[in-house]
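Counting starts at 1 for both ligands and their atoms, in listed order. By convention here, the first residue in the shown sequence is residue 1.
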Amino acid sequence: MRLYDLELSGNCYKVRLFAALAGIELQRVLVDVPSGAHKQPPFIDLNPWGQVPVLTDGEVVLRDSQAILLYLARQYGGNQWWPDGAAQQAEVMQWLSTAAGEVHSGPNAARLIDKFGVPLNKERALEISAQLLPLIEQHLNKQSWLALGRPTIADCAVYPYIALGWEGGVTLEQYPAIQAWIERLMALPGYMGMPGVDHYHG
Ligand SMILES: N[C@@H](CCC(=O)N[C@@H](CS)C(=O)NCC(=O)O)C(=O)O
């Protein structure tokens with residue numbers, strides 16, 4: 001199985017992290033995004049959207065970190081990470097949507113602006129983050145993990161850009177339950193980090 005990967009991408013890190021936690025072996029293929037390799041063949045033939053991560057597993061070719069997490073969990077990770085029941089699946093799915101929605105356009109966007117100079121609306125990214133973080137804090141005040149009372153792909157999807165948000169000025173000082181959740185994640189067997197996540201406290 002190959003992961004087309006970029007070290008500083010939180011979306012790619014979601015996949016690396018889950019594979020490490022679930023003991024799934026991935027062959028990393030580093031894509032030279034700064035030079036634009038993701039917009040040219042052969043990469044663009046794998047993903048016409050021109051974005052990493054991409055996972056290939058035999059005939060299967062997938063883009064989008066949430067979809068890749070779901071595939072890996074269902075195919076190789078076992079019930080612990082992606083449950084069977086409809087209500088349980090939907091509970092996890094809520095958080096995958098949050099990762100692709102508010103986390104993407106909040107803390108991720110703020111980091112893209114500050115760290116990589118991407119021309120997005122900083123004010124809007126901070127506004128979305130300020131609405132999102134209290135909701136996650138409130139949720140984690142009542143439970144240890146985002147879904148099902150145990151670590152799942154929901155945590156792998158949401159965690160990276162929450163922990164990297166400080167690189168875009170979205171810090172976690174006011175959110176002790178989120179900080180405690182991050183510490184729990186970091187203590188999981190097999191956990192692996194990426195540049196920046198260890199400094200989540202800002
Ligand atoms: N929805 C996608 C978003 C992927 C994405 O935004 N990838 C970034 C790196 S983190 C990328 O390839 N950016 C280059 C570009 O869009 O040109 C996912 O969750 O994987």
Side-chain angles (χ1 to χ4, degrees), residues 1-22 24 26-57 60-75 77 81-82 92-122 124-125 128-129 132 136 146-147 152-170 185 192-197 200:
M1 244 182 322
R2 286 186 178 168
L3 175 68
Y4 291 80
D5 197 3
L6 172 67
E7 178 73 8
L8 292 182
S9 156
N11 285 317
C12 293
Y13 171 56
K14 293 174 192 177
V15 180
R16 296 198 298 270
L17 171 64
F18 174 63
L21 292 174
I24 298 167
L26 292 177
Q27 187 189 340
R28 290 178 72 187
V29 180
L30 296 179
V31 180
D32 191 354
V33 171
S35 302
H38 59 310
K39 302 294 184 198
Q40 296 161 28
F43 184 82
I44 201 86
D45 300 328
L46 280 179
N47 181 8
W49 298 58
Q51 291 183 325
V52 288
V54 164
L55 182 88
T56 62
D57 184 15
V60 177
V61 180
L62 293 169
R63 64 171 171 85
D64 188 81
S65 52
Q66 284 65 234
I68 295 170
L69 288 177
L70 201 155
Y71 174 76
L72 288 177
R74 176 71 179 79
Q75 188 74 358
W81 302 100
W82 176 251
V92 173
M93 195 61 221
Q94 291 179 141
W95 290 102
L96 300 187
S97 293
T98 301
E102 292 87 347
V103 178
H104 178 81
S105 49
N108 165 60
R111 174 176 179 261
L112 285 175
I113 296 161
D114 283 9
K115 193 173 168 78
F116 301 105
V118 177
L120 296 168
N121 184 334
K122 182 73 189 280
R124 184 70 191 129
I128 293 167
S129 304
L132 171 70
I136 300 181
L146 292 180
T152 65
I153 54 172
D155 302 285
C156 296
V158 171
Y159 157 68
Y161 287 114
I162 297 295
L164 292 169
W166 68 273
E167 294 185 324
V170 179
L185 261 159
M192 69 183 301
M194 73 164 269
V197 283
Y200 67 85

Nearest-0.5 Å distance, [atom1] of residue [X] to [atom2] of residue [Y]:
X	Y	atom1	atom2	value
Asn108	Glu102	CG	CD	12.5 Å
Glu7	Arg16	CD	CZ	5.0 Å
Trp82	Met93	CH2	CE	6.5 Å

Judged by modelled atom types alone, do Tyr4 and Asn47 share a side-chain donor-acceptor pair under 3.5 Å?
-> no

Please tabulate, one line per pair, the protein nitrogen or oxygen atoms found under 3.5 angstrom from a nitrogen or oxygen of ligand 1, with distances to 0.1 Å, or say none if there are no such pairs.
{"unit_1": "ligand 1", "atom_1": "1 (N)", "unit_2": "Asp64", "atom_2": "OD1", "d": "2.7"}
{"unit_1": "ligand 1", "atom_1": "7 (N)", "unit_2": "Val52", "atom_2": "O", "d": "2.8"}
{"unit_1": "ligand 1", "atom_1": "12 (O)", "unit_2": "Val52", "atom_2": "N", "d": "3.0"}
{"unit_1": "ligand 1", "atom_1": "16 (O)", "unit_2": "Gln51", "atom_2": "NE2", "d": "3.1"}
{"unit_1": "ligand 1", "atom_1": "17 (O)", "unit_2": "His38", "atom_2": "NE2", "d": "3.4"}
{"unit_1": "ligand 1", "atom_1": "17 (O)", "unit_2": "Lys39", "atom_2": "NZ", "d": "2.7"}
{"unit_1": "ligand 1", "atom_1": "19 (O)", "unit_2": "Asp64", "atom_2": "OD1", "d": "3.3"}
{"unit_1": "ligand 1", "atom_1": "19 (O)", "unit_2": "Ser65", "atom_2": "N", "d": "3.3"}
{"unit_1": "ligand 1", "atom_1": "19 (O)", "unit_2": "Ser65", "atom_2": "OG", "d": "2.6"}
{"unit_1": "ligand 1", "atom_1": "19 (O)", "unit_2": "Gln66", "atom_2": "NE2", "d": "3.3"}
{"unit_1": "ligand 1", "atom_1": "20 (O)", "unit_2": "Ser65", "atom_2": "N", "d": "2.8"}
{"unit_1": "ligand 1", "atom_1": "20 (O)", "unit_2": "Ser65", "atom_2": "OG", "d": "3.4"}

Enclosure of Arg74 CZ (heavy-atom neighbours >12, cutoff 6.0 Å) |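 No.
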
Within residues 152-163 or reaching into it, pairs that qualify as salt bridge (charged side-chain N to carboxylate O under 4.0 Å, His left out) - sequence neighbours excluded |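 Qualifying pairs: none.
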
